[in-house]
Every structure is written in structure tokens, then in C-alpha cells.
A.B. asks: 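Provided herewith is a single structure, encoded as C-alpha cells, for subsequent inquiry.
Numbering starts at 1 and runs along the sequence shown. Heavy-atom basis, side chains included; hydrogens, waters and symmetry copies ignored.
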Amino acid sequence: MNSDDSSAMDFANRSTDSEARLHSRREFLKHLGGSIVIFMVLRDSELFAQEGARPQGGQRSLPTDFNAFLKIGEDGRVTCFTGKIEMGQGVVTSLPQMIAEELDMPVDSVDIVMGDTDLCPWDMGTFGSLTTRVFGPPFRAAAAEAKTVLLLLAAETLKVPASQLSAKDGVIADQQNPEHRVTYAQLTKGQKIERHLDVKPSLKDPASFKVMGKPILRRDAREKVTGRAQYSGDIRLPGMLYAKIVRPPAHGAKLQNVDLAPAKQIAGVQVVQDGDLVAVLHERPDVAEDALLKIKASFDVPEATVDDQTIFDHLLRVAPAASVSAHGGDLEEGRRLASRKFDMTYLDCYVAHAAMETHTALAKIEGDKATVWASTQNPFGAQGEIARAIGFPPKNVRVITPFVGGGFGGKTMNLQAVEAARLAKATGRPVQVMWSREEEFFYDAFQPAAIVKINSGVDDTGKMTFWDYEVFYAGERGAQHFYAIPHHRTTARGRGWTAGPGTHPFLTGAWRAPGNNTNTFARESHIDQIGRAHV
């Protein structure tokens, strides 16, 4: 194995967050080798309620077989697997802490694999700062169940009641005879054991925590501080090509004609034209960039119907029907009681995510198997997109997610991974697509522009009597007020990026706590205006 192969293999072994289930329980167990495997099951409805979302694209439900699982190896080390990814919030550290706490093991003995669609259970994606507070509890429950199973196995091995045993640092000992002990490694060596407990063990009380809640060095700290941390753009494979893609000059523009001859004359350059995808590729990125400049392309550019001066009027004209998300009292009564009324409109603009790392992916296709290292927040969503684009079954597409250099909702779209996979299939060689900063701002799924109209009133004493709140395109998240207002209504028109065609002039998507930013800005600005009027 040369150094380039080793780099890719390292990423496969320590990868972090993707869409395909493991294809069968038997195949899944083959992946794990000798171990005790603990299965946690959450019904779709339960996890949907917790995460407040539906699977990406609405094309699949959550698996009913596993929500979280872990492996206890023959050497006594624990490996935990999650479809979640690490993009800066430290879950690469906090999740192993949770496992270590419930298993009564040193956290240094717990490894984690994240975002690898061949090794990790299906996950709908990493978003909403939900990994620790929503995924954490079932993750802990898996570890608690694992420890209970280990205690039962130890009781059988040591021939003492399980209630007489205690676990510490990967060792189970007889409390009446501490020298009578067995390690996790001794219990799991050479075995594959499935055990489902009818009565689930309780999670530890926070007062007894020894690992969770304690400050430890982040696992990615040294790599990131020293520059050794690898992202999708840092991976190198033998024979890989760097791709530069012909982009339209405007959203909605269609390619009419393209002259590829000048680019083909550059030594070593490969040119691909696959429908709407036109790209030049070379073993050196600067040569690919030079070749791109040689291509002459003409586009049919649609006439712009909106601009920065007319966009908000347009959005109001095409707004969908209203949906009342909260109400109370009688608005007309509130208006009658008001001695002073405030009628204001607040505007929020389109905003890019501007993550430090642009959208990047490296794709390799060998036979009927595709492997893609992608900068993504939802590896399983990327897996499905790639599979559809290249005509592979999802189980033949493996997405591996290395460190992600910021996402903020912007890396739930996976166009760069699809582009890399299509080009790898067309050329027969590994291909890396790394968007430039300009491409990032062109193809990003922006926070949708939004409008909030608020009509409110106060009486002679300064108490609010009514509140009529209407939000367009930001959705109801964060829209409901939390003040003592007897007569109120909150109405939403449009749910952000789910607006229909013809609404926004380009792609929109989740942007850091979607809707909350717009709604909090408008609500609190309005409260400030009322307060200022009474100073």
C-alpha cells in the first residue's frame, strides 16, 4: 500500500457521518468482527418527534432495526458508530464520553466512527445542534444496555449473581471477592452476541458522572491546531484528477453551445461533456484551471424578473395561504383596548453560509462500487443522490465523511459529490471537485429572504393589549411570542426553503437555526420599538 492509499484508508477507518442501511444483519456483523453488538431500536415516530424533521427528500423512513450501536472488541476497546458528523461542535469527543460513562470505561478506550454509510446506521443528517441532546440519550442507552449484558455474561462466567458484580475500567469484579474478575475483552473474544433486554436499564444520574461533564481535550484539537486534520480536499488517491466545471453566468441559464477544442489541446487534459455537466480535468489543479479558461461557451440566459429592489414585493405577491400556528383571546377586543398601535414590517435578506471549507468531494469508482469522500452534513442523503446520478444501487455507494469545515445547514446539499461521482464514472479515475469561493456563493442554498409584518398595541399603562404577527417564508420556528399578551395571533405563510417554484430566484435552504434568526430579529426589534415609544 503506498502513502496515497494509506491516506484514503485512514479516512475510511476514522470516518465520521450517510443514506444506505447495512444490507443484512449477517453482512453487518461481518463488518464488526469479534464483538458484542448491542442493538437499540427507536420507532420512526419517536425519533421524528425528537428531531422535529422528516428524512431528506421524503423518500425513506428511519430504519427500525438500529438507532445506535457499538462494538466491544476482542482487545477490550469500544468502537461506537454514528451517522452523525463532526463539523466543529465537538461531538467527536462528547459522544465517546457518553459511551465511556455508561460502560464505566476510560474515554481513551473508546473509538468513534462517524458518517460512513458502510459502517454506520442510517441517520437523517446532522443539523439543528441536535446531536448531543437528541442523539446522545439513545447512544447512552445503547452503552447502558451493553454493560447490563456484560454483567449478565460475567455472572454466567464467574458463577455469581449479577447483583454481586460491579464494572470499572472495562473489568467486572465480584464485590465480595475482588480478585474474582473478568474483563470485557475476555467476555467478547471471538464471539458475536445479540441480546435484547426486555427491561431497559436506567441511565446514570448526572450526580454520579465521572466522565461526562468533565473537561477533556477535544480529540480533534491537536490535528486542527497543527494543520494535520484532513478534510475532503486534503485526500489524495493514486491517479486522481482535479476537475474544473463550466458554470452558467446566471441562475436558470441553459448551455447552448460549447467549444472544447482549445482545452483538448493542452497536454494531459481530459474533457467531459455529459449532458448538463461540462468539465476539464488534469492531474494538477492549476492546469485544469487554465484549461477551463480556454473553453468558449454560450448560454441562453433568462430575463430577470426580480432584483434587489423588487424581490420583497414579488415575495408578497406569490405568498402561499396562511397557517395560524398560535392564537389566543380576541384580536378585535385587543385593538379596542389599545390607546396606541404599532404597524411595522421587517425584512430579512438572502444570506450565504460562507463556511470556511467550500463544498468538496473526492470520488473513486471501482467496478460497480463507488466510494465518495464528501464534505456533507447528511452522508446518507448524499449516498442516495450519488446513486441516482450514476445509476448505482445505494448499497453500492459508500460515502465517507471526514472532518467538515463548517456547514450551518449549507452542506445538506450535495451537488459537488454528485459532480465528482459523475466525472469519476466518465473518466475511470478518481476525481476531486472543490468549489471555488465564487462557486460557493453561486451554488449555495441561501437563507431565504423573508418578511415579517407585526401589528400590535398597548393601553394607557403601557401594557400590550394585542399582537398580530405574520411571517412570510421563514416559517413558524421561533415565531411564537412568549410575552403576557392577552389577545394574539401568529401566522406563517411559507416554510422557508420549501417554497414552490417561482418563489425565490435561486436555491434556498436551511441556514443556522432556520427561521429563528428572522423571527427573533423581527419580534425583538418590534418590542424595542414599542419600548422606545414609551421612554
A.B. asks: Search all heavy atoms of Thr508 against all heavy atoms of Pro448 and return the closest pair with its distance.
C.D. replies: CG2-CA, 3.9 Å
A.B. asks: Taking only Lys NZ, Arg NE, NH1 and NH2, and the carboxylate oxygens of Asp or Glu, determine whether Lys411 and Glu357 approach each other closer than 4.0 Å.
C.D. replies: yes
A.B. asks: Report the C-alpha separation of Lys369 and Asp118 in whole Å, then their side-chain angles, then the decisive distance to 0.1 Å, and conclude whether the side-chain contact (heavy atoms from CB on, under 4.5 Å) test is met.
C.D. replies: CA-CA 12 Å; Lys369 176 74 174 180; Asp118 266 15; 3.1 Å; yes
A.B. asks: Once rounded to the nearest 0.5 Å, what's the spacing between atom NZ of Lys224 and atom CZ of Phe403?
C.D. replies: 5.0 Å
A.B. asks: Has Asp123 got a side-chain atom pairing as donor or acceptor with Thr82's backbone, closer than 3.5 angstrom?
C.D. replies: no
A.B. asks: Determine the interplanar angle of the Phe506 and Phe446 rings, folded into 0 to 90°, and report it as parallel if under 30°, tilted if 30 to 60°, perpendicular if over 60°.
C.D. replies: tilted
A.B. asks: Where do Ala288 and Val280 come nearest, in terms of heavy atoms and distance?
C.D. replies: O-CG2, 3.4 Å
A.B. asks: Can you tell me if Arg429 uses its side chain to pair, donor with acceptor, with the backbone of Leu423 under 3.5 Å?
C.D. replies: no
A.B. asks: So, the side chain of Asp111 versus the backbone of Arg77: is there a donor-acceptor pair under 3.5 Å, distance only?
C.D. replies: no
A.B. asks: Is there side-chain contact between Arg219 and Glu86, with heavy atoms separated by less than 4.5 Å?
C.D. replies: no
A.B. asks: Could you tell me whether the side chain of Glu223 and the main chain of Arg228 form a donor-acceptor pair under 3.5 Å?
C.D. replies: no
A.B. asks: How far does CZ of Phe392 sit from CG of Asp368, to the nearest 0.5 angstrom?
C.D. replies: 6.5 Å
A.B. asks: Just to verify, what does Ala374 make a side-chain contact (heavy atoms from CB on, under 4.5 Å) with, not counting sequence neighbours?
C.D. replies: Ala361, Val372, Thr376, Val399, Ala417
A.B. asks: To the nearest 0.5 Å, what is the distance between CG on Asn396 and CD1 on Ile390?
C.D. replies: 9.0 Å
A.B. asks: Can you tell me how far apart CZ (Arg477) and CG (Asn519) are? Round to the nearest 0.5 Å.
C.D. replies: 10.5 Å
A.B. asks: Do Glu440 and Arg437 come within less than 4.5 Å of each other through their side chains, counting heavy atoms only?
C.D. replies: yes
A.B. asks: Check whether Gln186 reaches the backbone of Thr183 with its side chain - one donor and one acceptor, N or O, closer than 3.5 Å.
C.D. replies: yes
A.B. asks: Is any side-chain heavy atom of Met98 closer than 4.5 Å to a side-chain heavy atom of Thr132?
C.D. replies: yes
A.B. asks: Hey, is Glu101 close enough to Lys214 for a salt bridge, meaning N to O under 4.0 Å?
C.D. replies: no
A.B. asks: For the residue pair His251 and Tyr443, does the interplanar ring angle fall in the parallel (under 30°), tilted (30 to 60°) or perpendicular (over 60°) class?
C.D. replies: perpendicular
A.B. asks: Quick check: do Lys147 and Tyr184 have side-chain heavy atoms less than 4.5 Å from each other?
C.D. replies: yes
A.B. asks: Run the salt bridge (Lys or Arg N to Asp or Glu O under 4.0 Å) test against Asp286 and tell me which residues pass, sequence neighbours left out.
C.D. replies: Arg284
A.B. asks: I need the minimum non-hydrogen distance between Pro430 and Gly239, along with the two atoms involved.
C.D. replies: CD-O, 4.0 Å
A.B. asks: Within a strict 4.5 Å, meaning less than it, do heavy atoms of the Val113 and Cys120 side chains meet?
C.D. replies: yes
A.B. asks: Under the criterion side-chain contact (heavy atoms from CB on, under 4.5 Å), I'd like the reasoning laid out for Leu187 against Ile172: C-alpha separation, chi angles, the key distance, then a yes or no.
C.D. replies: CA-CA 10 Å; Leu187 290 170; Ile172 297 176; 4.0 Å; yes
A.B. asks: Regarding Glu419 and Arg247, does a basic nitrogen lie under 4.0 Å from an acidic carboxylate oxygen?
C.D. replies: yes
A.B. asks: Using only atom types and a distance under 3.5 Å, with no angle test, would you say the side chain of His353 pairs donor to acceptor with the backbone of Ala510?
C.D. replies: yes
A.B. asks: I need the single residue from Phe441, Tyr231, Phe442, Trp435 that forms a ring pair (Phe, Tyr, Trp, His ring centres under 6.0 Å) with His359. Which is it?
C.D. replies: Trp435
A.B. asks: Applying side-chain contact (heavy atoms from CB on, under 4.5 Å), name anything that partners Ile216, two or more places apart in sequence or on another chain.
C.D. replies: Thr93, Gln97, Val107
A.B. asks: Measure from the side-chain N and O atoms of Trp511 to the backbone N and O of Ala352, and report whether any donor-acceptor pair falls under 3.5 Å.
C.D. replies: yes
A.B. asks: For Leu203, is there any backbone N or O sitting under 3.5 Å from a side-chain donor or acceptor partner on Arg140?
C.D. replies: no
A.B. asks: Please report the interatomic distance OG1(Thr126) to CD(Gln377), rounded to the nearest 0.5 Å.
C.D. replies: 7.0 Å
A.B. asks: Can any side-chain N or O of Gln432 pair as donor or acceptor with the backbone N or O of Leu237 at less than 3.5 Å?
C.D. replies: no
A.B. asks: Heavy-atom distance under 4.5 Å between the side chains of Asp169 and Pro106, does that happen here?
C.D. replies: yes
A.B. asks: Is it the case that the side chain of Ser375 and the backbone of Ser232 share a donor-acceptor pair, with hydrogens and angles ignored and the cut-off at 3.5 Å?
C.D. replies: no
A.B. asks: Once rounded to the nearest 0.5 Å, what's the spacing between atom NE2 of His180 and atom NZ of Lys159?
C.D. replies: 9.0 Å
A.B. asks: State plainly whether the residues Glu102 and Lys204 are in salt-bridge range, i.e. N to O under 4.0 Å.
C.D. replies: no
A.B. asks: Would a 4.5 Å heavy-atom cut-off, applied to side chains only, mark Gln175 and Ser166 as touching?
C.D. replies: yes
A.B. asks: On a heavy-atom basis, which atom in Ala229 and which in Asp234 lie closest, and how many Å separate them?
C.D. replies: O-OD2, 3.6 Å
A.B. asks: Could you tell me if His504 and Tyr473 have a donor-acceptor pair between their side chains, going purely by distance under 3.5 Å?
C.D. replies: no
A.B. asks: Using every non-hydrogen atom in the two residues, find where Val269 and His282 come nearest and quote the distance to one decimal.
C.D. replies: N-CD2, 3.7 Å
A.B. asks: Looking at Arg422 and Asp274, what are the two nearest heavy atoms and their distance?
C.D. replies: NH2-O, 2.8 Å
A.B. asks: Given side-chain contact (heavy atoms from CB on, under 4.5 Å), test Gln89 with Thr131 step by step and report yes or no.
C.D. replies: CA-CA 9 Å; Gln89 292 189 310; Thr131 296; 6.0 Å; no
